Each structure stands twice: as C-alpha cells, then as structure tokens.
Amino acid sequence: MKEKVCGVTGHREIPAEYMEQAEQGLRREIEKAIADGYTYFISGFADGADQLFAGIVLEKAKENPVLHLEAAIPYRNRYKRLMEDERTRAMLEACAKVEVVSEEWASNVYMKRNRYMVGQADRVITVYDGRENGGTVSTIRMVHAQRKEMREVPVGPYLPESMINLGYFRNTSGR
C-alpha cells in the first residue's frame, strides 16, 4: 500500500503575536494527519511555517517511529546554509530523506521545490494569512489545480474574519 504523504506550505515570517496560533494549528493538523494514516511528511525547510512543521513532525516521530520527514531543499547552497545552523542541522540529520531540487540557484528554484512537494503530497497543510500574492498563495493555487486535499491553519493580520480560502472552500481545520 502506498504511504500517505502530507506536505506543508506557509509564510516565512509569522508575527510573534500569531506564532502560538500557528504552532497550535500545525500541531492539530499534524495530529489529524497521523490519525488519518499519514506517515510521511515533507517540508521545504524555509524559515517560519516550514521549520515549525518539521520540528513538530520530528517530535511526533520520536514517539511514533513509523513517521518520517523529508526535507525538500530548493538548491544546494541553501542546504549548505541550513547546515550551518545547529538547530536546523539537527533537524535535517533526523530526516529520512533530503531532496535537493536544484544544484544551482535560479529565479524559479522555490517554485520548482513547491511543485515537487505538492506533486508528492496527498494532503497539504497551509499556514496562510490571506495575502493574495507570494509563494504561499501560489502553492495553494497549485494544490487546488492538482486537486490535492488541503487543510488550513489561518493566521495573521491580513486574514478577514470570514475568510474563505481564495473562494474555493471553507477552512477545514476544525474551528
């Protein structure tokens, strides 16, 4: 049976006053994914939501050894920079797989990385603040285009009270 794969996309900069909300939402969605049979998780290891997601998955993997995390790194020098930080190096070393999507930097490496992650994933958890531009919303559109399951963790100052995810469907995070 094919392993169920859950990825993440989200903002790099989460304002401090929304960090706890983002972490609780990610924790809830990761726990829900595990309960739904997901055992393989993919993170792009960007600052913010990606690394928060990776940390929670690795914490859960200590309790549940069937869980695995893959790091999808956009280009080789980004990987080298991540390895310079003790905390991210430890997380990367704990990953079941590190996929470097491109050897060299190019203007589209982050989009290629996001396309790779969405292509691998059956479900994508989004940490989204309602902005209509940027990598997170582009990835959300990719998730919709590929008809993948998406779970939202709505956070941030741009998010209207009645936010419906880009008009596609209501937030499914259980609120």
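The first residue in the sequence is number 1, and the count goes up from there. Note that this is a predicted model, so its numbers are computed, not measured.
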To the nearest 0.5 Å, what is the distance between [atom1] on [X] and [atom2] on [Y]?
| X | Y | atom1 | atom2 | result |
| --- | --- | --- | --- | --- |
| Thr88 | Phe45 | OG1 | CZ | 7.5 Å |
| Leu58 | Cys95 | CG | SG | 5.5 Å |
| Glu13 | Asp47 | CD | CG | 8.5 Å |

>> Could you tell me if Glu152 and Thr126 have a donor-acceptor pair between their side chains, going purely by distance under 3.5 Å?
In response: no
Student check: side-chain heavy atoms of [X] and [Y] closer than 4.5 Å:
| X | Y | result |
| --- | --- | --- |
| Val127 | Thr9 | no |
| Tyr128 | Met150 | no |
| Val5 | Phe41 | no |

> If you look at every heavy atom in Phe53 and Ile30, which pair is closest and at what distance?
Replying inline: CD1-CD1, 3.7 Å
What residue pairs, at least two apart or across chains, pass salt bridge (charged side-chain N to carboxylate O under 4.0 Å, His left out) with a residue in [range]?
| range | answer |
| --- | --- |
| residues 49-68 | Arg27-Glu59, Glu31-Lys60 |
| residues 100-128 | Lys2-Asp122, Asp36-Arg123, Arg76-Glu103, Arg123-Glu149 |
| residues 88-97 | Lys97-Glu99 |

> In this structure, which one of Gln120, Glu70, Glu3 forms a side chain to side chain donor-acceptor pair (under 3.5 Å) with Tyr40?
Replying inline: Glu70
>> So, using side-chain contact (heavy atoms from CB on, under 4.5 Å) as the criterion, who are the partners of Ala90 when residues are at least two apart?
In response: none
> Is the backbone of Val118 close enough, under 3.5 Å, to the side chain of Lys148 for a donor and an acceptor to pair up by distance?
Replying inline: yes
> Listed by chain and number, what are the side chain to side chain donor-acceptor pair (under 3.5 Å) partners of Arg12, not counting sequence neighbours?
Replying inline: none
>> Using the side chain to side chain donor-acceptor pair (under 3.5 Å) criterion, which residues pair with Tyr75? Sequence neighbours excluded.
In response: Arg81
